[in-house]
Amino acid sequence: MNGINLISRERDRQILNEGWTSEHDAQYTREELLDAAKCYILASEACRYSIDNATYDGGYRKGEDVPKDWPWDGKWWKPTDDPIRNLEKAGALIAAEIDRIQNL
């Protein structure tokens, strides 16, 4: 699958399995969707660097504490060791933010 398909599949999963519909996402008016996407982008990048890299001190890797900039309860922070999977999640969150803005 290409990137667009992977992101679309993740967005569909978020809607169908988690219930994160456009109506639900409308409540996030303080950049929460973008902040979450940024965290997953950093998680993707952190997968490629040594655990000793100070740039990623603060929870961007699977098994670490939740990042300080994660906008929601820590139970929703689910990074993986797969950089592509983290980017799928980030892309789907960006798509959700686009939809939220378009629905204003």
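When reading the values below, keep in mind they use all heavy atoms of this one structure, side chains included, and skip hydrogens, waters and symmetry mates. When a residue number appears, it is its place in the shown sequence, counting from 1.
Scanning both residues, S44 and P83, for their nearest heavy atoms gives OG-O, 3.0 Å. Closest non-hydrogen pair, E88 versus E10, comes out as O-CG, 3.7 Å. Across S22 and R11, no two heavy atoms sit closer than the pair N-NH2, 4.4 Å. Here the closest non-hydrogen pair linking E32 and T29 is OE1-N, 3.4 Å.
In this structure, CG on L34 lies 11.0 Å from SG on C39, to the nearest 0.5 angstrom. Taking CG of D25 as the start and CG of L33 as the end, the distance is 5.0 Å to the nearest 0.5 Å. Taking CG from L93 and CD1 from I98, the interatomic distance works out to 11.5 Å, rounded to the nearest 0.5 Å. Between atom OG1 of residue T21 and atom CD of residue Q14 there is a gap of 11.5 Å, rounded to the nearest 0.5 Å. Between I84 atom CD1 and M1 atom CE the span is 12.5 Å, to the nearest 0.5 Å.
Remark: the backbone N or O of H24 is paired with a side-chain donor or acceptor of Q27 at under 3.5 angstrom.
Crowding of I4 atom CD1: a count of heavy atoms from other residues, nucleotides or ligands under 6.0 Å not exceeding 12.
W72 is connected to V66 through a chain of hydrophobic side-chain contacts under 4.5 Å among Ile, Leu, Val, Met, Phe, Trp and Tyr, so both are in one cluster.
Residues passing the side chain to side chain contact (heavy atoms under 4.5 Å, CB included) test with T80 are D82, R85, N86, K89, sequence neighbours excluded. In this structure, the side chain to side chain contact (heavy atoms under 4.5 Å, CB included) partners of I41, at least two apart in sequence or on a different chain, are L87, A90.
In the model, D35 has no side-chain atom that pairs as donor or acceptor with a side-chain atom of Y28 under 3.5 Å.
Every pair passing ring-ring contact (aromatic ring centres under 6.0 Å, His included) that includes a residue from residues 77-104 is listed here, sequence neighbours excluded: Y40-W77, W70-W77.
No side-chain heavy atom of Y60 sits under 4.5 Å from any side-chain heavy atom of E45.
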